[in-house]
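In what follows, a single structure is set out as structure tokens and then discussed.
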Number of protein chains: 2
Amino acid sequence: MVTLEENGSKVAMGKVSAELAVTPGTATSMVKNMERDGWLKYYPRQGVSLTRKGKKVAMNMLRRHRLLETFLVETLGLDWSEIHIEAEELEHAISEKVLEKLDEFLGSPRYDPHGHPIPSKGGTIQRPSSQTLQNCDAGITVRVESILDQDSDFLKFAREKELLPGKAVSVIKSEKLADVITLKIDGREPFSMGFRSAEKILVV
Amino acid sequence: MVTLEENGSKVAMGKVSAELAVTPGTATSMVKNMERDGWLKYYPRQGVSLTRKGKKVAMNMLRRHRLLETFLVETLGLDWSEIHIEAEELEHAISEKVLEKLDEFLGSPRYDPHGHPIPSKGGTIQRPSSQTLQNCDAGITVRVESILDQDSDFLKFAREKELLPGKAVSVIKSEKLADVITLKIDGREPFSMGFRSAEKILVV
DNA sequence: ATATATACTTTGATTGATCAAAATAGTAAA
DNA sequence: TTTACTATTTTGATCAATCAAAGTATATAT
């Protein structure tokens, strides 16, 4: 008897052929080709499971898909219900370079409009760092991980200040009573922001 | 590709097969299929010309292409010289709905970053100037309208010299026999270029 | 245990895209 | 006119994707 563990990560051929909308025979031959190319492991009459290589591109596709969905909703204002199909088309056409520019433009969002986490460039789904700029002490330097707020005006402000993912930020002052934090990025002018806004910046 | 479709008169099969990077025999059979589907008229051993239906989709593709190029430069900040290839991929994947949202987001621009007019939704296009830098006399000043060549090296050169759409250019010398024209832009150093290159710059 | 149903694989045929090479038409040169 | 050249078309073959239908293994029910 096949246990759950043995069957664990494998996807049955029936699912594959249904998902791809092809006959079972076609699914079998597609899967064999993909195994030849190293994308997945095929266990006849049991199913398929992705190889490391396969998982990597799958994660990348998920990243593409979710970033595009975010763009379609946040920037272009499409309805959340119609973005899936649109993103499905675009995710195959967009280059890595354009994707990363888009990510930057959006402020490296952590979640897509459906609330699904967006995998990082490296292919891992980040668990949210709980550290925000708000609770950083004066004198220390942190790296921006992401901007939680998706509001395009806030993102514009962040971009203006170069308060972008990956940037090193020095905390000059943090005045709890005044509810304000003063920051410096690279060689630029220091600037201040309220705790309410600082809370929207995740850092490590 | 777009260039071929833009031209109203017949395009020789040699051009078609070269542009699509297929053997002449393949071009012939592709063209026959496209005639069957009503995209173009095929005159054996003479060439092809688009039908009204074919022209309509070609114009739509041009609109897609140029709106996307505008987006890539204006919004995402990609380099001027690398957008052509990126847009070529995306123009086939983007839906009509997303395209119109993008147009709205960009503020319905009339010209793309190269200075080329963007066809309207209805498919009409403002006819570009037929005047090129090549046939400008010494002493006069013109405004760059657009750059015809999409080659990224040429675009890089143009940007270096600030030979960009909208710029005023003074023609210092134009030596027909030597096949060279000398230009000055703003307060910068004058520079020269051959007629072959000057021919690629549309001016008014 | 045996029979039956279900899920999957194999087989064989079809279709469409493509190419290389041979055939042909149209054009320029002698 | 005849010849030679060039562009284009035709032909025949290959390859990959796909499907329908037949065959096979595995699970389920009796």
Side-chain angles (χ1 to χ4, degrees), chain A residues 1-51 53-58 60-61 64-65 85 87-95, chain B residues 1-51 53-55 57-58 60-61 64-65 85 88-94 196:
Chain A
M1 217 225 264
V2 179
T3 70
L4 271 179
E5 289 91 312
E6 280 166 352
N7 214 2
S9 55
K10 280 177 232 163
V11 176
M13 294 305 292
K15 300 270 182 191
V16 174
S17 80
E19 188 61 36
L20 301 178
V22 294
T23 61
T26 303
T28 300
S29 85
M30 288 172 91
V31 146
K32 282 178 175 174
N33 286 337
M34 294 181 78
E35 179 168 58
R36 162 176 46 69
D37 297 341
W39 303 115
L40 45 78
K41 197 84 209 301
Y42 168 47
Y43 305 91
R45 288 180 196 276
Q46 293 183 63
V48 293
S49 65
L50 293 177
T51 59
K53 177 178 164 187
K55 277 190 189 125
K56 207 172 149 205
V57 304
N60 186 255
M61 270 301 161
R64 287 161 173 256
H65 187 87
I85 299 176
E88 198 125 75
E89 291 301 314
L90 289 168
E91 70 189 11
H92 300 293
I94 194 168
S95 76
Chain B
M1 200 219 298
V2 172
T3 343
L4 285 183
E5 289 163 353
E6 254 183 324
N7 193 333
S9 54
K10 278 176 254 175
V11 176
M13 292 307 291
K15 299 272 182 191
V16 175
S17 80
E19 188 62 36
L20 302 179
V22 294
T23 60
T26 302
T28 299
S29 84
M30 289 171 92
V31 147
K32 281 177 175 174
N33 287 337
M34 294 181 78
E35 178 168 56
R36 161 176 47 70
D37 297 340
W39 303 114
L40 45 78
K41 196 84 210 302
Y42 168 46
Y43 305 92
R45 288 183 195 273
Q46 294 182 65
V48 293
S49 67
L50 293 177
T51 59
K53 177 179 164 187
K55 276 188 191 128
V57 304
N60 186 255
M61 271 299 160
R64 287 160 173 257
H65 186 88
I85 300 176
E88 197 124 75
E89 292 302 314
L90 289 168
E91 70 189 10
H92 300 294
I94 193 168
R196 179 133 308 153

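Computed from a predicted model, the values in this text were never measured in an experiment. Residue numbering restarts at 1 for every chain, and letters A, B, ... go by the order of the sequence lines. Atom set for the values below is all heavy atoms of this structure, side chains included, hydrogens, waters and symmetry mates excluded.
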Note to self: Is it the case that over 12 heavy atoms from other parts of the model lie below 6.0 angstrom from the NZ atom of Lys56(A)?
What the structure shows: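 No - once you tally the heavy atoms of other residues, nucleotides and ligands closer than 6.0 Å, there are 12 at most.
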Length of the [atom1]-[atom2] vector between [X] and [N], whole Å:
{"X": "Arg45(B)", "N": "dA25(C)", "atom1": "CZ", "atom2": "P", "answer": "7 Å"}
{"X": "Glu35(B)", "N": "dT8(D)", "atom1": "CD", "atom2": "P", "answer": "16 Å"}
{"X": "Tyr43(B)", "N": "dT9(D)", "atom1": "OH", "atom2": "C1'", "answer": "18 Å"}
{"X": "Met34(B)", "N": "dA17(C)", "atom1": "CE", "atom2": "P", "answer": "12 Å"}
{"X": "Lys15(B)", "N": "dT8(D)", "atom1": "NZ", "atom2": "C1'", "answer": "15 Å"}
{"X": "Asn33(B)", "N": "dT18(C)", "atom1": "CG", "atom2": "P", "answer": "10 Å"}
{"X": "Tyr42(B)", "N": "dT10(D)", "atom1": "OH", "atom2": "C1'", "answer": "10 Å"}
{"X": "Gln46(B)", "N": "dT9(D)", "atom1": "CD", "atom2": "C1'", "answer": "14 Å"}

Mind listing the N/O atom pairs, protein and nucleotides 27-29 of chain C, below 3.5 Å?
none

Check: Looking at NZ of Lys55(B) and OG of Ser49(B), how far apart are the two atoms once the value is rounded to the nearest 0.5 Å?
Finding: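 Reported to 0.5 Å precision, the distance equals 7.0 Å.
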Next item on the list: Calculate, to the nearest 0.5 Å, the distance between atoms CG and NE2 belonging to Asn60(B) and His65(B) respectively.
Entry: 13.5 Å
Note to self: If you define the side chain from C-beta out and look only at heavy atoms, does anything of Val31(B) sit under 4.5 Å from Met13(B)?
What the structure shows: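 Result yes, sub-4.5 Å side-chain heavy-atom pair found.
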Next item on the list: Would you check if Val48(A) and Lys10(A) make a side-chain contact, meaning some heavy-atom pair closer than 4.5 Å?
Entry: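 Not in contact.
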Note to self: Would you say Lys32(B) places a side-chain N or O within less than 4.0 Å of OP1 or OP2 belonging to dT10(D)?
What the structure shows: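 For dT10(D), OP1/OP2 do have a side-chain N/O of Lys32(B) under 4.0 Å.
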Check: Where do Ala93(B) and Ala93(A) come nearest, in terms of heavy atoms and distance?
Finding: CB-CB, 3.6 Å
Check: Which pair of non-hydrogen atoms, one from Ala27(A) and one from Val22(A), has the smallest distance, and what is that distance?
Finding: N-CG2, 3.9 Å
Next item on the list: Using a cut-off of strictly less than 4.0 Å between a heavy atom of the residue and any atom of DNA chain C, enumerate the qualifying residues of residues 21-31 of chain B by number.
Entry: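 Under 4.0 Å from DNA chain C: Val22(B), Thr23(B), Thr26(B), Ser29(B), Met30(B).
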Item checked: His92(A) backbone acceptor or donor facing Arg64(A) side chain under 3.5 Å ->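 Looks like no, no N/O pair under 3.5 Å.
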Compile the donor-acceptor pairs under 3.5 Å between side chains in residues 34-45 of chain B and protein atoms, sequence neighbours left out, one pair per line.
residue	atom	partner	partner atom	Å
Glu35(B)	OE2	Tyr42(B)	N	2.9
Arg36(B)	NH2	Asn33(B)	OD1	2.8

